Participant: 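Below are the structure tokens for one structure; questions will follow.
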Amino acid sequence: MSGDHVLDLRHDAWGIGLERVLPLLAENPCAVCVDAAEGDRARAAGLVVVEASLCDNPLVARRETLKPPVIRVLSRVATTKRLRAGDGVSYGLTWRAKTDTTVALVAGGYAQGVVRALGNRASVLVEGERAPIVGRVAMDVCVIDVGSRVVRSGTEVVLLGDPEANEPPVAEWVSVTGLAPDEVVIPLCARGTAVVVP
């Protein structure tokens, strides 16, 4: 079993029978796409399971050695600003600082596939620490609260990535927004926002 693609084993390995196929992969573990009910069986066989919705997305890289995450969404800090307690940010001032703090303007908004519903409900990773997205996500930017940290313009921001590295996973955006994984990922890929992990 060699090649550059995730093996699609949905629908009982397309009629071949998953029980017949899994033993064949035991000596050559790879990434597979299986029906949701079969995920635990595939993992028990030592295989990396990729969400079915991502397998259907032709813009997502597929390789036998693929391990989650399949994409990373990176951005950078454009600028920072000190706020006093009570100051608000973004449309409608839906978020106000409870104490004096620093916020950072991050490139990437709903025009780039960063879902508006993430405002005040999700976080990103900056220099190894999570920072909440505050206020409403705008067309081309979002605002994050970095607290007392000194964060410079140009600092990398991870919007989506590897949960083992404390980066927000796709599942977190799914939980916050109520969207399906493909509804989260495809707009980011189509608009050139996502960085596909090779």
Side-chain angles (χ1 to χ4, degrees), residues 51 53-54 56-61 68-198:
E51 294 175 74
S53 59
L54 298 181
D56 289 334
N57 178 5
L59 297 172
V60 174
V70 293
I71 66 166
R72 293 181 81 219
V73 181
L74 306 177
S75 186
R76 294 201 178 272
V77 170
T79 188
T80 61
K81 181 179 180 180
R82 285 291 294 166
L83 296 183
R84 293 182 181 275
D87 288 346
V89 299
S90 197
Y91 308 132
L93 305 178
T94 61
W95 179 88
R96 290 183 180 274
K98 293 181 180 178
T99 61
D100 293 357
T101 190
T102 299
V103 294
L105 199 64
V106 176
Y110 60 80
Q112 290 76 38
V114 179
V115 185
R116 294 188 74 180
L118 296 171
N120 301 319
R121 301 177 66 196
S123 63
V124 300
L125 189 75
V126 184
E127 296 183 328
E129 293 185 33
R130 288 291 192 103
I133 299 172
V134 295
R136 290 192 171 122
V137 173
M139 180 180 288
D140 297 303
V141 295
C142 58
V143 181
I144 61 173
D145 181 10
V146 296
S148 60
R149 288 188 283 160
V150 177
V151 177
R152 301 186 183 283
S153 297
T155 298
E156 184 177 270
V157 177
V158 183
L159 301 179
L160 282 179
D162 185 355
E164 292 185 3
N166 197 30
E167 297 171 352
V170 171
E172 191 170 303
W173 282 25
V174 168
S175 175
V176 166
T177 64
L179 298 172
D182 55 339
E183 293 176 308
V184 167
V185 171
I186 291 173
L188 292 165
C189 293
R191 293 164 188 173
T193 309
V195 178
V196 180
V197 175

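Residue numbers run from 1 in the order of the sequence given. From a predicted model like this one, the values you see are computed outputs, not experimental measurements.
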Participant: Heavy atoms, side chains only, cut-off 4.5 Å: are Val143 and Trp95 in contact?
Facilitator: no

Participant: What are the two closest heavy atoms between Ala117 and Thr177, and how far apart are they?
Facilitator: CB-CG2, 4.2 Å

Participant: Side chains of Thr102 and Val151, heavy atoms from C-beta outward: is any pair under 4.5 Å?
Facilitator: no

Participant: Got more than 12 heavy atoms from elsewhere within 6.0 Å of CZ, Arg82?
Facilitator: yes

Participant: For the side chain of Thr155 and the backbone of Arg152, is there at least one donor-acceptor N/O pair under 3.5 Å apart?
Facilitator: yes

Participant: For the CD atom of Glu129 and the CG atom of Asn166, what is their distance to the nearest 0.5 Å?
Facilitator: 9.0 Å

Participant: If you round to the nearest 0.5 Å, how far is CG of Leu159 from CD1 of Ile144?
Facilitator: 8.5 Å

Participant: For Ala180 and Val174, work out which heavy atoms get closest and say how close.
Facilitator: C-CG2, 4.1 Å

Participant: Indicate the atoms forming the closest heavy-atom contact of Val176 with Arg121, along with that distance.
Facilitator: O-NH2, 2.8 Å

Participant: Quick one: pull up CG in Leu160 and CG in Leu188 and give me the separation to the nearest 0.5 Å.
Facilitator: 6.5 Å

Participant: Treating Asn120 as the side-chain partner and Val134 as the backbone partner, does any N or O pair qualify as donor plus acceptor under 3.5 Å?
Facilitator: no

Participant: What is the minimum heavy-atom distance between Leu93 and Gly88, and which atoms define it?
Facilitator: CD2-C, 3.5 Å

Participant: Could you tell me whether a side-chain N or O of Asp140 sits under 3.5 Å from a main-chain N or O of Gly108, the two making a donor and an acceptor?
Facilitator: no

Participant: Roughly how far, to the nearest 0.5 Å, is CG of Leu105 from NZ of Lys81?
Facilitator: 10.5 Å

Participant: Side chains of Val106 and Val124: closer than 4.5 Å at any heavy-atom pair?
Facilitator: no

Participant: To check you understand the geometry: which heavy-atom pair defines the closest contact between Val146 and Ala131, and what is its length?
Facilitator: CG1-CB, 4.4 Å

Participant: Once you round to the nearest 0.5 Å, how far does CG of Leu118 lie from CZ of Arg136?
Facilitator: 14.0 Å

Participant: Is there side-chain contact between Val157 and Val77, with at least one heavy-atom pair below 4.5 Å?
Facilitator: yes

Participant: Just by distance, do the side chain of Arg149 and the backbone of Val126 share a donor-acceptor pair under 3.5 Å?
Facilitator: yes

Participant: Which heavy atom of Pro187 sits nearest to which heavy atom of Gly113, and what is that distance?
Facilitator: CB-CA, 4.3 Å

Participant: Should Ser123 and Glu172 count as side-chain neighbours, where that means a heavy-atom distance under 4.5 Å?
Facilitator: yes

Participant: Between CH2 of Trp173 and CD of Glu183, what distance do you get to the nearest 0.5 Å?
Facilitator: 13.5 Å

Participant: Does Arg72 use its side chain to pair, donor to acceptor, with the backbone of Val158 at less than 3.5 Å?
Facilitator: no

